[in-house]
Amino acid sequence: MAPTDTYFRHSLKVNDYLCSGCTTCMRICPTAAIRIRGGKAVISDNKCVDCGECLKSCPRKAIYIKQDDFNLIENYGCRVALVPAVFIGQFEEKYKTKDIYACLKKLGFTHIYEVEHSVEFLVDLYKEYMANHPEIRTFISPYCPAVIRLVQVRYPSLVDNIIRLKSPLDVAARAILKKLLDQGIRREAIGIFYVTPCAAKIASVKYPVSNQDTHIAGVINMDFLYNKVKLMLSNSDKDAEAINHTLTPADVLWPLSRGEAANFPGSPYAVDGLQNVIQFLDRLEDDKVDAPGLVELRVCEEGCVGGVLTTQNCFVARKRMENRAKLLARLHHDQQELTYDHTEFSEQIAEQMVIPEIKPRSLYQLDENFGTAFKMAEQMKKIEKELPGINCSACGAPSCAALAEDIVRGDADVNSCIFINRHSEASEAAIRRVWGDCVKSETK
Amino acid sequence: MHYTFTIEQGNFTDAGQASSSVKRTLKQLGVDPANIKRTVVALFEAEINAVAHAYGGTIDVDIDDGKIVMVVADQGPGIPNIDLAMQEGWSTASAKVREMGYGAGMGLPNIKKNTDDLKIDTKIGVGTTLTMTVNLV
Ligand SMILES: Nc1ncnc2c1ncn2[C@@H]1O[C@H](COP(=O)(O)OP(=O)(O)OP(=O)(O)O)[C@@H](O)[C@H]1O
Ligand code: SF4
Ligand SMILES: [Mg+2]
């Protein structure tokens, strides 16, 4: 495919040196985006939705998430760490939030900003959006970027159900930027860095759906930062300055599954885990489920605590965050100095939060032209009948059906099926294209 | 293009495979989502009726560039009074079927609403054949 045809870009990469082409990731991918070529896994940009299942499944750790060089922060005088609540949930409760933030400051950040600080503001925007679209019955939350991509490629008929507003991350980035600019700091001196729990968030920052600037200078992988902070915490140095708790209990719970839904009336659906989300969307698409109002969908188990770049078991991190929310509720109740300053969220930011368009990008459509697509579908059906139907993946495709599709699309050759024309020269050449030198020559 | 499926009596959990498979094909062809939905809803209702009220049967789907024709044929008790059956809310569904979440008497009216043509051939004690057409253009 020509580079101009690439409309999605991703941060999930394959390390060819470590990859053995074992097919594990290829079989697990929910959008059949992976093929084996030259004995290595290859991810198709247009089909990948950044869910991270391939990375989770890889037995050789050959799939990784490209991150920005940490030293990039040195390029800015004003270095902001945009920290999601899930990051605090990675640490044992004996470590205080302020100690963790103190470590981030020691690592070079000048400001810490908690992402979920923007949640309350955003909930109002979502509610307003829903009220302004009475013709839509079900609203899909735009929070999980992997869900947006999944809907675009697998459920194009549901793209209009996605709330076309940006996420807490975008709101937070804009809010802190405005705050700093208002303090008279030059734009060039401000570098905002987001600590990400997943590949999907990176893609949404680097290659946003709407191609609008996200104001984020770089992304730091959560596991990487966790290791750095964990090391400093154990060498305990307790001159940490207290920070004002700015998050409400509801803010802290937001990234967890059901945490977002709790902010909306009518006990909305909250679905977590990739397979569950797929099943739910399948039913929603066929009107087999009635879901009025907001639906919260997260591809990771238990929500963002299950993100691929987290370091803790999702249930353990969840429990810690729930405890933190309880603590905040108590502090709030005791009238301690909890100041919720929301002055940085303005009408102006609200206007910038609109996503102008989310395009359907059907993964299935064989051709723009019905007649051509029809012929291809017919041929595919014929080829599928010829194939053994055992989904062995030796052809470098995840299933016999996927190979049939690759063949009609011109991306594969029927001879790459090891059951067809066994031992012929054409078949050996085709198999070699898929497996490279893994194949020992029989003819010599 | 022709597709054939079989329907098993009483198997509610597997019902819907035919409509899922047809849905996939229609997506490959780039059929307009509104027409896909109409097709899937009608086929699913007919499939469920053959599971719930009859003893299983077969589904034949023909797709060409102008229309989708779906024939759902069952060996079952037949429908004694079609006019009655077509009424919204009329149902003879057993308690067991109602427990599964069906039996609101909305299936046939829904099929009628979602298709461009509906033909019902039914014979008491022999079976029922539904021929449903969805026009694509
Ligand atoms: N294939 C069939 N064989 C025998 N009787 C049928 C068949 N399909 C429908 N009927 C009869 O027609 C009635 C109405 O069917 P319809 O699909 O409208 O409602 P339902 O199946 O009872 O409930 P729902 O479809 O809302 O779950 C059924 O209760 C049944 O008596
Ligand atoms: S659920 Fe959260 S962590 Fe997982 S992909 Fe979606 S946004 Fe990322
Ligand atoms: Mg029915």
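Computed from a prediction, not measured in an experiment: that's the story for all the values here. Here is the naming used below: chain letters follow the sequence lines, and residue numbers restart at 1 for every chain.
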Side chains of A:Asp286 and B:Lys23, heavy atoms from C-beta outward: is any pair under 4.5 Å? yes
Treating B:Lys27 as the side-chain partner and A:Pro156 as the backbone partner, does any N or O pair qualify as donor plus acceptor under 3.5 Å? no
When the 4.5 angstrom heavy-atom criterion is applied to A:Met376 and chain B, the contacting part is neither
Per-residue contact mode, B:Ile63 against chain A (heavy atom under 4.5 angstrom): both
Which atoms of A:Glu285 come close to chain B, meaning under 4.5 Å heavy atom to heavy atom: side chain ones, backbone ones, both, or neither? both
Is the shortest heavy-atom distance from the side chain of A:Gln365 to the side chain of B:Leu29 under 4.5 Å? no
Value for CZ (B:Phe44) from NZ (A:Lys288), rounded to nearest 0.5 Å, stands at 4.0 Å
Considering only heavy atoms and a distance below 4.5 Å, find which of A:Asp367, A:Thr372, A:Asn369, A:Asp287 pairs most often with chain B. A:Asp287
What's the separation between atom CE in A:Met380 and atom CE in B:Met1, rounded to the nearest 0.5 Å? 9.5 Å
Do B:Val31 and A:Phe370 have side chains that get closer than 4.5 Å, going by heavy atoms? yes
Is A:Arg283 close to chain B through its backbone or its side chain, or both, or neither, when contacts mean heavy atoms under 4.5 Å? neither
A:Tyr364 and B:Leu26: side-chain contact (heavy atoms from CB on, under 4.5 Å), yes or no, with the steps? CA-CA 9 Å; A:Tyr364 300 105; B:Leu26 297 179; over 6 Å; no
Take a 6.0 Å sphere around NZ of B:Lys112 and say whether it holds more than 12 heavy atoms from other residues, nucleotides or ligands. no
Counting only heavy atoms from other residues, nucleotides and ligands, does the tally under 6.0 Å from CZ of B:Arg98 exceed 12? yes
